[in-house]
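If you scroll down you'll find the structure; I have some questions about it.
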Amino acid sequence: MAGRPIIIDCDPGQDDAINLLLAMSSPDELDILGITTVAGNVPLALTERNARQICDIAGRTDMKVFAGCERPMQRELLTAEHVHGKTGIDGVEITSPGTPLGEQHAVDFIIEALSTTAEPLTLVPTGPLTNIATAIERAPAILDNVAEIVLMGGAMREGGNHSPSAEFNILVDPHAADLVFRCGKPITVLGLDVTHQVLATPGRRDRIREINNDAGRATAGMLDFFNRHDTVKYGSLGAPLHDPCTVAFLLAPNLFEGKACNLTVETASELTMGHTAVDFWHVTDRPDNVTWIWSVDADGFYDLLIERLERYGDD
Ligand code: RIB
Ligand code: CA
């Protein structure tokens with residue numbers, strides 16, 4: 001049985017990389033039509049290269065990978081090497097990827113895929129929303145073939161992680177995010193409120209370290225690096241594994257709880273630029289435009305992640 005057709009748009013980033021490994025471990029449930037990359041955690045030249053190296057590690061050198069927008073729609077690019085390291089996926093040895101880079105611009109691939117698909121597609125963005133928004137702006141009719149968008153971004157109770165009031169993916173390109181959240185399609189949002197519940201604690205990292213394959217070793221190495229910044233910043237036992245919440249939601253939605261809400265993005269104030277105003281208690285008459293995920297079974301999440309990583313062949 002062919003899996004649900006999806007396109008993953010990402011800015012690897014260790015957590016994006018682990019999300020890709022989780023997605024590629026599950027071909028019966030997810031048919032990845034392509035991986036599109038965007039500037040975010042590190043510049044585009046690195047995010048596209050990193051995505052291709054992860055495909056090598058997954059044994060999927062056949063995967064279609066495309067480079068997209070190298071800067072936000074209106075603002076200057078913000079990057080996060082202080083979190084992800086100079087390469088973006090510090091924690092794994094950098095190699096020259098065998099997986100080729102597609103010739104098409106990622107935005108053109110997204111438009112073509114959505115214009116020619118026989119069935120609606122699910123979009124899974126885990127970085128700034130520049131590629132997705134640019135595709136929608138350039139070819140609005142593609143929305144007719146979007147089944148839903150399942151994205152990592154935003155925050156409500158958790159405040160901001162890259163400014164006092166904004167989460168990184170939305171802050172980098174708030175205008176792209178605003179356009180996506182107004183597009184009218186079903187959007188499931190996994191923001192910091194839920195990703196901060198799935199911490200890569202020592203016990204969980206020990207379990208991942210025991211996985212005897214390249215995907216497990218790469219994940220363990222990336223988590224060791226990814227952990228160092230957030231455990232100091234938050235004083236927590238582990239870093240939040242943000243992006244894999246998106247594919248975990250697709251694979252096991254029962255692990256999560258969400259609520260229909262309005263989410264509106266700040267695009268005017270420099271002080272609160274990129275803030276996601278989530279009307280969780282419906283105190284306004286703004287229409288519900290997202291499903292805001294607010295809870296997750298963290299143990300179930302890591303059981304799923306580990307079970308799927310173990311599916312990659314042992315060495
Ligand atoms: O705020 C966390 C998000 O920003 C994650 O997607 C991480 O990879 C970075 O892109
Ligand atoms: Ca990301």
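All ligand and atom numbering here is 1-based and tracks the order in the structure. Numbers here simply count residues along the sequence, with the first being 1.
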message: Can you tell me how the ring of His162 sits relative to the ring of His82, calling it parallel under 30°, perpendicular over 60° and tilted otherwise?
response: tilted
- request: Measure the distance from atom 9 (C) of ligand 1 to every protein heavy atom, then report the residue, atom name and distance (to 0.1 Å) of the closest one.
  value: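 Heavy-atom neighbour on the protein nearest atom 9 (C) of ligand 1: Asn41 OD1, 3.1 Å.
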- prompt: For atom 2 (C) of ligand 1, what's the nearest protein heavy atom and its distance?
  reply: Glu167 OE2, 3.4 Å
- request: Taking all non-hydrogen atoms of both residues into account, name the closest pair between His282 and Asp288 and its distance.
  value: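 In terms of heavy atoms, the two residues are closest at NE2-OD1, 2.9 Å.
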task: Find, among atoms of Asp243 that are N, O or S, the one nearest to the Ca ion (ligand 2), and state its name.
output: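 Result: OD2.
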message: Side chain or backbone, does His84 bring an N or O within less than 3.5 Å of an N or O on ligand 1?
response: no
- request: Assess the side chains of Asn145 and Thr117: does a donor N or O sit below 3.5 Å from an acceptor N or O?
  value: no
query: Would you call Arg71 and Glu76 a salt bridge, using N to O less than 4.0 angstrom?
result: yes
- request: Could you verify whether a donor N or O on one side chain and an acceptor N or O on the other, from Asp11 and Thr47, lie under 3.5 Å apart?
  value: no
query: Which bit of Asp11 gets closer than 4.0 Å to ligand 1, counting heavy atoms only: side chain, backbone, both or neither?
result: side chain
- request: Could you tell me whether Lys233 and Asp230 have a side-chain N and a carboxylate O separated by less than 4.0 Å?
  value: no
- prompt: Just which atoms of ligand 1 are under 4.0 Å from any heavy atom in His242?
  reply: 2 (C)
query: At the Ca ion (ligand 2), what angle lies between atom OD1 of Asp16 and atom O of Thr126, rounded to 10 degrees?
result: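 The two atoms form an angle at the metal of about 130°.
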- request: Under 4.0 Å from a heavy atom of Met152: give me the atoms of ligand 1 that qualify, with their elements.
  value: 2 (C), 3 (C), 5 (C), 6 (O)
field: For Asp16, the ligand 1 atoms whose distance to one of its heavy atoms is below 4.0 Å
entry: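 Counting atoms of ligand 1 from 1, those under 4.0 Å from Asp16 are 8 (O).
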message: Checking contacts here: is it the side chain or the backbone of Asp243 that comes within 4.0 Å of ligand 1, counting heavy atoms only? Could be both or neither.
response: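 The answer is the side chain of Asp243.
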task: Could you find the nearest protein heavy atom to atom 5 (C) of ligand 1 and give me its residue, atom name and distance?
output: Asp15 OD2, 3.2 Å
- request: Give me the other members of the hydrophobic cluster that Val232 sits in, counting Ile, Leu, Val, Met, Phe, Trp and Tyr linked by side-chain heavy atoms under 4.5 Å, directly or via other members.
  value: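 Its cluster partners, ordered by chain and number, are none at all.
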- line: Which atom of Asp11 is nearest the Ca ion (ligand 2), counting N, O or S only? It is OD1
- prompt: Is any side-chain N of the basic residue among Asp90 and Lys86 closer than 4.0 Å to the acidic one's carboxylate O?
  reply: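 Between Lys86 and Asp90 there is no salt bridge, as every charged N stays at least 4.0 Å from the carboxylate O atoms.
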- prompt: Using 4.0 Å as the upper bound for N to carboxylate O, is an ion pair formed by Asp299 and Arg204?
  reply: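 Between Asp299 and Arg204 there is a salt bridge, with a charged N closer than 4.0 Å to a carboxylate O.
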- prompt: Which protein non-hydrogen atom lies closest to atom 10 (O) of ligand 1, naming both residue and atom, and how far is it?
  reply: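 Ranked first by proximity to atom 10 (O) of ligand 1 is Asn169 OD1, 2.8 Å.
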field: Exercise: do Asn262 and Thr284 side chains pair donor with acceptor under 3.5 Å
entry: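 Note: Asn262 and Thr284 side chains miss the donor-acceptor criterion.
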- request: Heavy-atom distances under 4.0 Å are what count here, so tell me which part of Thr195 touches ligand 1: side chain, backbone, both or neither.
  value: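 Neither part.
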- request: Could you tell me whether any N, O or S atom belonging to Met152 is less than 3.0 Å from the Ca ion (ligand 2)?
  value: no
